[in-house]
Each structure stands twice: as structure tokens, then as C-alpha cells.
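Note sheet for the following structure.
We name chains A, B, ... by the order of the sequence lines, and we start the count at 1 in each one.
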Amino acid sequence: MPEGHTIHRAARRHTELLAGQQVHTESPQGRFAEGADVLDGHRLLQVDAHGKHLFYRFDDDLLLHVHLGLFGRFNVYTADPPEPRGALRLRMQAGDATVDLRGPTACELMDADDEARLLARLGPDPLRGDADPERAWQRIHKSTRPIGALLMDQSVMAGVGNVYRAEALHVQRIHPEREGRSLTHAEFDALWDTVTTMLGDGVRAGRIITVTAEDAGKPRSRLKRGERTYVYKQSACRSCGGAVSVWDMAGRRAWACTACQR
DNA sequence: AAGAATGTTATGTA
DNA sequence: CTACATAACATTCT
């Protein structure tokens, strides 16, 4: 489910619902019992997103780190949450609001050093105001690795996953197998802009829609599953009709139009 | 109902 | 040292 847009959206929503309040936490499965005990009743000050990582800052310097991984998911309830069921990893409650967490790769307490170490290995996040795209360019323009692998590398740029990789490269007509060092600075700038716009749209819409209303022939909000991307999970390119090829790259499926990307 | 999926990390191999 | 492959782990949807 989650690329960077999901994480930033969650940070915003959870701040709105829980920040400034005493938060009751529990982990019905006992998977996070230790941390939950420590966190319970603390005031949540702030929720920050960095790439695909979330940081919940509580008073007394308590810091909860969450990473959704491939399957992780939040469920938010603004009234009467359901009884905890199945593998519910963490529940946070304040007032009428409840945030449930399932299936995360990480849900753990951290100290400032852990956090610093983690942030040190993340590249600039296009969704953050403090992002410095030049840091990404420095890595990319020297690398012989394919741009498709570089885009997915969170230490190069933080927040892009498999869908945005396919879609951003497609919009810029760049083939995923091109070496990073073959990109011009102008191409990189355009790619960064595209990624930034796509992620921002994702935060707003709450889902990944990269096809424009013009290309779709109807409002983006009306697009069904399978109509929202140009090449990702498509058999024919939705901008030129050319064949889409699929292959394995950096352990994930890469998608590109054989006609308009090179 | 097996298999795929919007992810990361640790470890092994060349 | 770097690059790449593989396995492991999480859960839901088709």
C-alpha cells in the first residue's frame, strides 16, 4: 500500500486527530507491549514524516518510529472503533479518535541517536520543504546503476516506491535501465519535479493517480482501478498505445513503454 | 485459494 | 569496496 504520499498523509491526519492530547496506547497482540506501556498516557506533540518513515514525538522525549513496509496499514476511526481483532499491532486513542496499525515492518521506540542514524541514510524527501534535490543529483549523476534502481533507493531519494518509479520515469520518457550518469541535469530536474508533483497529488487524493484528466478523458476522481496509471500494471502504454514491457529490477517489477521510453 | 503486492534489511556471492 | 541476488518478515486482496 504505502509509498511516501501515504506516510505524509498519515502524518497530517494523525497530527490533526491526536496531537496535543494525552494518547492512550495499547497493543492487543502484545507485540508492542513494552513500548505501549511506556507510551500510554503521554502527550503527543508532533507527527513527522520522512520518506516512508513516521515519527511520533511524545513528551518526555519518547519517540515512536513506524514503518509500514509493504503491507502495513492504518485504520482511522472518529467514533466507536471496532473491538480489536486479529493482528492489530497498535491502537492509539485520544478523544473520539482512534488510529489502528496493522502489519508494519517497524513499530518501535527510538532514542535521538537511533533517529539520527536512520535519517542519515535517507536521501532528500521531495515532500519535505527542507529537501535538497542536489543531494540526489550528486548520487545519480555519478552512478552506473540504472535510474530505476536509484529512484527506489531511499538513500538517494526518500519516498518513491515501485509505482511512482514506473510512472515518473514514463512521464519523463526515461527508460528505467538507463545509467544514472547518463541523465542530464535538466532531465534530473524534470524528474524531480514530476516526482514531487506526483507525490503531492497522492497526498491530496489519498491514492496514486498519475494519469491526467485530459489523457483519461474524464475527471481523475472517477478513474477506476486499472485506469489510474500509464504503464504500471498496464499491458499497453496509456499515452501512446505501445507495448509495455515488464521485467525484474532491484527485486521488484519494473514497467516501461517500449515505444516512448528510451 | 495460491499468489501477488505502493518495502526494507541482512546475508551470501561474484 | 560495489553490485546484485535471495530470503525473511509483515497482511490483504483477488
- Does Gln154(A) make a side-chain N or O approach to OP1 or OP2 of dG7(B) shorter than 4.0 Å?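 Checking dG7(B) against Gln154(A), no side-chain N or O comes under 4.0 Å of OP1 or OP2.
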
Applying salt bridge (Lys or Arg N to Asp or Glu O under 4.0 Å), name anything that partners [X], two or more places apart in sequence or on another chain.
{"X": "Asp113(A)", "answer": "none"}
{"X": "Arg262(A)", "answer": "none"}
{"X": "Lys218(A)", "answer": "Glu227(A)"}

- Return the value, rounded to whole Å, for the distance between atom CZ of Arg252(A) and atom C1' of dA7(C). 15 Å

- Message: Please report the distance, rounded to the nearest Å, between CD1 in Ile7(A) and P in dG7(B).
- Response: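 To the nearest whole Å, that distance equals 10 Å.
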
Can a donor-acceptor pair be found, under 3.5 Å and without considering hydrogens, that links the side chain of [X] to the backbone of [Y]?
{"X": "Gln154(A)", "Y": "Gly51(A)", "answer": "no"}
{"X": "Asp40(A)", "Y": "Glu26(A)", "answer": "no"}
{"X": "Arg43(A)", "Y": "Gly20(A)", "answer": "yes"}
{"X": "Gln261(A)", "Y": "Ile174(A)", "answer": "yes"}

- Task: Residues of residues 162-171 of chain A with any non-hydrogen atom less than 4.0 angstrom from an atom of DNA chain B: list those, numerically ordered, please.
- Result: Asn162(A), Val163(A)

- Item | Base versus backbone protein contacts along nucleotides 9-14 of chain C [heavy-atom cut-off under 4.0 Å; B, S, -] | -BBS-S

I'd like a table of donor-acceptor pairs (distance under 3.5 Å, sequence neighbours excluded) in which one partner is a side-chain atom from residues 61-75 of chain A, with atom names and distances.
from     : atom 1 : to        : atom 2 : distance (Å)
His65(A) : ND1    : Glu108(A) : OE2    : 2.8
His65(A) : NE2    : His53(A)  : ND1    : 2.8
His67(A) : ND1    : Gly69(A)  : N      : 2.9

- In the hydrophobic cluster built from side-chain contacts under 4.5 Å, what are the other members alongside Leu45(A)?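 None, because no other hydrophobic side chain comes under 4.5 Å of this residue.
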
- Message: My understanding is that a hydrophobic cluster links ILVMFWY residues whose side chain heavy atoms are under 4.5 Å apart, including indirect links. Using that, what else belongs to the cluster containing Met249(A)?
- Response: Trp247(A)

- Looking for any heavy atom pair under 4.0 Å, which part of the strands does His5(A) touch: base, sugar-phosphate only, or nothing?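 Base contact.
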
Restricting both atoms to N or O, compile the protein contacts to nucleotides 9-12 of chain B shorter than 3.5 Å, with distance only.
from   : atom 1 : to        : atom 2 : distance (Å)
dT9(B) : OP1    : Arg121(A) : NH2    : 2.1

- Please list every stem that involves DNA chain B, where a stem is a run of 3 or more consecutive Watson-Crick or G-U wobble pairs with both pairing distances under 3.5 Å.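 Expected stems, ordered by start: B:2-5 with C:11-14, B:7-14 with C:2-9.
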
- Message: Could you walk me through whether His14(A) and Val76(A) satisfy the side chain to side chain contact (heavy atoms under 4.5 Å, CB included) test, starting with their C-alpha distance in whole Å, then the side-chain angles of each, then the deciding distance to 0.1 Å, before giving a yes or no?
- Response: CA-CA 9 Å; His14(A) 298 176; Val76(A) 169; 3.9 Å; yes

- Message: Please enumerate all residues that pass side-chain contact (heavy atoms from CB on, under 4.5 Å) together with Gln46(A), with sequence neighbours excluded.
- Response: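 Counting only residues at least two positions away or on another chain, Gln46(A) forms a side-chain contact (heavy atoms from CB on, under 4.5 Å) with Asp48(A), Arg57(A).
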
Can you measure from [atom1] ([X]) to [atom2] ([Y]) and round to the nearest 0.5 angstrom?
{"X": "Leu18(A)", "Y": "Leu44(A)", "atom1": "CG", "atom2": "CG", "value": "6.0 Å"}
{"X": "Glu167(A)", "Y": "Thr229(A)", "atom1": "CD", "atom2": "OG1", "value": "4.5 Å"}
{"X": "Met92(A)", "Y": "Gln21(A)", "atom1": "CE", "atom2": "CD", "value": "12.0 Å"}

Contacts under 3.5 Å, N or O only, protein and nucleotides 2-5 of chain C:
none

